[in-house]
Amino acid sequence: MISFGLLDGAGRHVALHDVDDENWRAVADVAPRDDQRRFAPALAARYLVLSLREGVWNSLAVCADDTVVGHVMWGRDEDGSYWIGGMLIDAAEQGKGVGRAVARTLVRWLADRADCEVLRLSYHPENTAAERLYSSLGFRPVSAVEGDEVVGEVPAKAVGGVVGLGEDGPAAGR
């Protein structure tokens, strides 16, 4: 389990768990809102298949207390950068601060790795909610693109202050 003690807007503890025999079906069934389907697959099952078949991505179950409410994955590129991808929060759980808590948790966890120098992610340029979230965490667009998506990056050494999880403990999840 990966957790920095962050809470969502409903006061639930947000943590990242390995996808396992107990939770994989709930993770696979995570679905975005209908208006988000131009940016994300209809179900998180697609991301689980990518993790299993391509061997690049590592899927994690997003849990609020003990309930699966989303999916996120991470990977390490050949150039040594760490990537965040496939963040999908179930439609019924959006707007509660889960996505922000997930992003802050995973960014900090990856940045804390000794070999992490830079974190990257990508998002569709019309996905303004993703752009606002990621820029608030220090990600800045770079000249590279990933398909039709904007690539953002943040140096690992800059993460602590931006993410708000300093040595004094976790800040609020929202």
Mark yes or no for whether D18, through its side chain, and D20, through its backbone, hold a donor-acceptor pair below 3.5 Å. no
Flag, side chain of D90 to backbone of A31, donor-acceptor distance under 3.5 Å: yes
Are L88 and I84 in one and the same hydrophobic cluster, where Ile, Leu, Val, Met, Phe, Trp and Tyr link if side-chain heavy atoms are under 4.5 Å apart?
-> no
Check: Quick one: do L50 and L106 end up in the same hydrophobic cluster if we chain Ile, Leu, Val, Met, Phe, Trp and Tyr together by side-chain heavy atoms under 4.5 Å apart?
Finding: no
In short, ring-ring contact (aromatic ring centres under 6.0 Å, His included) pairs touching residues 32-56 with sequence neighbours left out are F39-H124, Y47-H71
Margin query: Counting C-beta onward and ignoring hydrogens, is there a side-chain heavy-atom pair between S81 and E117 closer than 4.5 Å?
Written below: no
Heavy-atom closest pair (E93 atom, V98 atom, distance to 0.1 Å) is O-CG2, 4.1 Å
query = Below 4.5 Å, heavy atoms only, C-beta onward: do M73 and N58 meet side chain to side chain?
reply = no
- Item | Transitive ILVMFWY side-chain link L60 to V159, under 4.5 Å | yes
Answer yes or no: is there a side-chain heavy-atom contact under 4.5 Å between M87 and L133?
yes
Review point. So, the side chain of Q94 versus the backbone of I89: is there a donor-acceptor pair under 3.5 Å, distance only?
Key: yes
Open item on the list: Regarding D115 and Y82, do their side chains bring together a donor and an acceptor under 3.5 Å, going by distance alone?
Closed with: yes
Item checked: Aromatic contact, W57 with W83 (centres under 6.0 Å) -> no
For R76 and G80 the tightest heavy-atom approach is NE-O, 3.5 Å
Determine whether V107 and L121 fall in the same hydrophobic cluster, where Ile, Leu, Val, Met, Phe, Trp and Tyr are linked whenever their side-chain heavy atoms lie under 4.5 Å apart.
yes
Taken in chain and number order and not counting sequence neighbours, the residues that satisfy salt bridge (Lys or Arg N to Asp or Glu O under 4.0 Å) with D65 are none
Would you verify whether the NZ or CZ of R113 falls within 45 degrees of the ring axis of W109 while also being under 6.0 Å from that six-membered ring's centre? yes
Scanning both residues in full, the closest heavy-atom pair of P125 with D148 reads CD-O, 3.3 Å
Check: Side-chain contact, heavy-atom cut-off 4.5 Å: V14 with V102?
Finding: yes
Side chain to side chain donor-acceptor pair (under 3.5 Å) filter on D35, not counting sequence neighbours, yields R33
Tell me whether L110 shares a hydrophobic cluster with Y134, the cluster being built from Ile, Leu, Val, Met, Phe, Trp, Tyr side chains joined at under 4.5 Å.
yes
Compare all side-chain heavy atoms of L16 with those of V62 and state whether any distance is below 4.5 angstrom.
yes
All heavy atoms of F139 vs all of L119, minimum pair found to be CE2-O, 3.5 Å
- pair R37-P32: side-chain heavy atoms closer than 4.5 Å: yes
Minimal heavy-atom distance between R140 and S135, with the atoms involved, is NH1-O, 2.9 Å
Taken to the nearest 0.5 Å, the spacing of F4 CZ from R104 CZ works out to 10.5 Å
Query raised in the report: Do the non-hydrogen side-chain atoms of V30 and V69 ever get within less than 4.5 Å of each other?
Result: no
When rounded to the nearest 0.5 Å, the distance separating CG of L48 from CG of L43 is 10.0 Å
Taking every heavy atom of P41 against every heavy atom of R46, the minimum-distance pair comes out as CB-CD, 3.8 Å
Exercise. Start with the C-alpha distance between D66 and R12, add both sets of side-chain angles, then the distance that settles salt bridge (charged side-chain N to carboxylate O under 4.0 Å, His left out), and finish with yes or no.
Key: CA-CA 9 Å; D66 294 323; R12 300 175 301 176; over 6 Å; no
| field | Check: R100/S136 side-chain N/O donor and acceptor closer than 3.5 Å | value | yes
Is N23 reaching over with its side chain to a backbone N or O of A26, donor-acceptor style, under 3.5 angstrom? no
